[in-house]
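For reference, the structure is listed below as structure tokens.
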Amino acid sequence: QLQLVESGGGLVQPGGSLRLSCAAAGFTLANYNIGWFRQAPGKEREGVSCLGSSSGTTYYADSVKGRFTISRDNAKNTVYLQMNSLKPEDTAVYYCAAEFLPEASITTIQNMCAMRTFGSWGQGTQVTVSS
């Protein structure tokens, strides 16, 4: 059974940083495309960043470009989202997700992120940016 567990959320002041972790169990994360998504109260879930399994292709939403970085540690079977220069509008529940689709192109990764077409999801971790 595929399982994803997020951690690392919390309360941080504007301008601060957090690193979210997504640990996988029951499958090898390196073989999967990975996405980080977030959902703020009253809003739809949106793709923040996605990472291709084969090429390491990355995609970032415009709102987080230059501030967030997605990465993968295959030895730990874990994916990270480093979030810097956090803003109050980054406040949301953050979810990681995985989907097996080898050799996905950058266009496919972008579409997967935009359409949230991932089959396995974690339970989410709360990030609150406030002074």
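We number each residue from 1, following the sequence as shown. Side chains included, hydrogens not; waters and symmetry mates left out as well; all remaining heavy atoms used.
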(request) Examine distances only and state if a side-chain atom of Gln39 and a backbone atom of Ala92 form a donor-acceptor pair shorter than 3.5 Å. (result) no
Could you pull out every donor-acceptor pair under 3.5 Å between side chains of residues 108-120 and any protein atom, sequence neighbours left out?
from   : atom 1 : to     : atom 2 : distance (Å)
Thr108 : OG1    : Ser105 : OG     : 3.1
Asn111 : ND2    : Thr107 : O      : 3.3
Arg116 : NH1    : Arg45  : O      : 2.9

(request) Can you sort out the partners of Lys43 under side-chain contact (heavy atoms from CB on, under 4.5 Å), two or more places apart, ordered by chain and number? (result) Ala40
(request) Please list all pairs passing the ring pair (Phe, Tyr, Trp, His ring centres under 6.0 Å) test where one or both residues lie in residues 48-67, with sequence neighbours left out. (result) none
(request) Supply the members, apart from Val5, of the Ile/Leu/Val/Met/Phe/Trp/Tyr cluster built from side-chain contacts under 4.5 Å; use none for a lone residue. (result) none
(message) Can you pull out every ring pair (Phe, Tyr, Trp, His ring centres under 6.0 Å) where at least one residue sits in residues 6-26? Sequence neighbours excluded, please.
(response) none
(request) Nearest 0.5 Å please: distance from the CG atom of Asn77 over to the CZ atom of Arg72. (result) 9.5 Å
N/O donor to acceptor pairs below 3.5 angstrom from side-chain atoms of residues 10-30, sequence neighbours left out:
from  : atom 1 : to    : atom 2 : distance (Å)
Ser17 : OG     : Asn84 : OD1    : 2.9

(request) List, by chain and then residue number, the residues other than Tyr80 in its hydrophobic cluster (Ile/Leu/Val/Met/Phe/Trp/Tyr, side-chain heavy atoms under 4.5 Å); write none if there are no others. (result) none
(message) Checking Thr57 now: which residues fulfil side-chain hydrogen bond (donor to acceptor under 3.5 Å, both in side chains) with it, not counting sequence neighbours?
(response) Ser55
(request) Report the C-alpha separation of Val127 and Val129 in whole Å, then their side-chain angles, then the decisive distance to 0.1 Å, and conclude whether the side-chain contact (heavy atoms from CB on, under 4.5 Å) test is met. (result) CA-CA 7 Å; Val127 172; Val129 184; 4.2 Å; yes
(message) Could you work out, with side-chain contact (heavy atoms from CB on, under 4.5 Å) as the rule, every residue matching Ser85, not counting sequence neighbours?
(response) Arg67
(message) Can you give me the closest heavy-atom contact between Ala98 and Ile34, atom names plus distance?
(response) CB-CD1, 3.7 Å
(request) Tell me, please, which residues at least two apart from Ser7 pass side-chain hydrogen bond (donor to acceptor under 3.5 Å, both in side chains). (result) none
(message) Can you confirm whether more than 12 heavy atoms, excluding those of Glu103, are under 6.0 Å from its CD atom?
(response) no
(request) Please name the pair of heavy atoms, one in Leu81 and one in Ser49, separated by the smallest distance, quoted to 0.1 Å. (result) CD1-CB, 4.2 Å
(request) Taking the side chain as every heavy atom from C-beta outward, state whether Cys96 and Val79 have any atom pair closer than 4.5 Å. (result) no
(request) Decide if the gap between the ring center of Trp121 and the ring center of Phe37 is smaller than 6.0 angstrom. (result) yes
(request) Name all pairs fulfilling the ring pair (Phe, Tyr, Trp, His ring centres under 6.0 Å) condition that reach into residues 94-113, sequence neighbours left out, sorted by first residue then second. (result) Tyr32-Phe100
(message) Going by salt bridge (charged side-chain N to carboxylate O under 4.0 Å, His left out), name the pairs with one or both residues in residues 25-41, residues two or more places apart or in two chains.
(response) Arg38-Glu46, Arg38-Asp90
(message) With a 4.5 Å cut-off on side-chain heavy atoms, are Asn31 and Ser53 touching?
(response) no
